[in-house]
Amino acid sequence: MLVREPKVPQYHRMIKSAVIFAVLIAIFYYPTITITANSGFAETGVGKGIFKVVVSISGITKETGDIVAIVNVDGNSRVKTFDLNPMNPSTYSSTNGDVLKFVATFPDIEVESGDIYKACVVKLNDMHRYCQEHKHSSAKRSEFVDIVLDKKQ
């Protein structure tokens, strides 16, 4: 005995084909759409709402040992460690007369003129800290902090 399938109207087949085609396009193009949509959130380092502090650390000697530089603004911190190996002079000698630079950037943080930020350097061999507190200037530029590692301070 021969069983016949019920006859499906032509528009049902067209709708089914269109849905299958849309699902296939979504599956194959999803990674491209996701990458394109999320690329706008990458940190570029430029633009509105970026607060930048440049810390210059001087007074470095062979006895300084490893140091940690910290910048804190509005409860947010950036930290950088410097491995100053006394057995390898290239780690503590620089072309700028033994000055190390640390640039701390804070994207998407609105810092108003007069807001306080703090920069510290900690010598790890004796845990001595050298800190400076500054107010954000109204100038549209990076803030600069000079810290001198000196036994007399």
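Scope of the values below: all heavy atoms of this structure, side chains included, with no hydrogens, waters or symmetry mates. Quick note: residue numbers are just sequence positions, from 1. The shown structure was predicted, so the numbers you read here are calculated from the model rather than taken from an experiment.
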Show the atom names and distances, to 0.1 Å, of all donor-acceptor pairs under 3.5 Å that link a side chain in residues 133-140 to residues at least two apart or in another chain.
| unit_1 | atom_1 | unit_2 | atom_2 | d |
| --- | --- | --- | --- | --- |
| His134 | NE2 | Gln132 | OE1 | 2.9 |
| His136 | ND1 | Glu143 | OE2 | 2.8 |
| Ser137 | OG | Glu143 | OE2 | 2.9 |

- Task: Under the side chain to side chain donor-acceptor pair (under 3.5 Å) rule, what do Lys52 and Thr105 come out as? Steps first, then yes or no, please.
- Result: CA-CA 4 Å; Lys52 187 187 292 186; Thr105 56; over 6 Å; no
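- Classified by interplanar angle (parallel below 30°, tilted 30° to 60°, perpendicular above 60°), the ring pair Phe102/Phe82 is perpendicular.
- Note that CZ of Phe51 and CG of Asp74 are 10.0 Å apart. Values are rounded to the nearest 0.5 Å.
- For Asp115, the side chain to side chain contact (heavy atoms under 4.5 Å, CB included) partners are Val111, Glu112, not counting sequence neighbours.
- Residues satisfying the side chain to side chain contact (heavy atoms under 4.5 Å, CB included) criterion with Val68, sequence neighbours excluded, are Ile70, Val79, Thr81, Leu124.
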- Message: Pair Tyr117, Phe106 - check ring-ring contact (aromatic ring centres under 6.0 Å, His included), show working.
- Response: CA-CA 12 Å; Tyr117 63 93; Phe106 298 87; 8.9 Å; no
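- In this structure, Ser56 and Val99 approach most closely via the heavy-atom pair CB-CG1, 4.1 Å.
- Note that the SG atom of Cys120 and the CD1 atom of Ile147 stand 6.5 Å from one another [nearest 0.5 Å].
- Using a 4.5 Å cut-off on side-chain heavy atoms (C-beta onward), Val53 and Val73 make no contact.
- Legend: residues meeting salt bridge (charged side-chain N to carboxylate O under 4.0 Å, His left out) with Asp126, ordered by chain and number and at least two apart, are Lys123.
- Taking both residues in full, the closest heavy atoms of Gly59 and Thr64 are given as O-OG1, 4.1 Å, listed atom of the first, atom of the second, then distance.
- Considering only heavy atoms from C-beta on, Ile67 comes within 4.5 Å of Leu84 through its side chain.
- Residues that satisfy the side-chain hydrogen bond (donor to acceptor under 3.5 Å, both in side chains) test with Ser77, not counting sequence neighbours, are Asn72.
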- Task: Apply side-chain contact (heavy atoms from CB on, under 4.5 Å) to the pair Ile109 and Asn76, showing each step before the final yes or no.
- Result: CA-CA 9 Å; Ile109 292 180; Asn76 297 288; 3.2 Å; yes
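- Residue Leu149 holds its CG atom at 5.5 Å from OH of Tyr130, rounded to the nearest 0.5 Å.
- By the 4.5 Å side-chain criterion applied to Ile, Leu, Val, Met, Phe, Trp and Tyr, Val54 is assigned to a cluster that also includes Val103, Phe144.
- Atom NZ of Lys80 sits about 9.5 Å away from atom CD1 of Ile57, to the nearest 0.5 Å.
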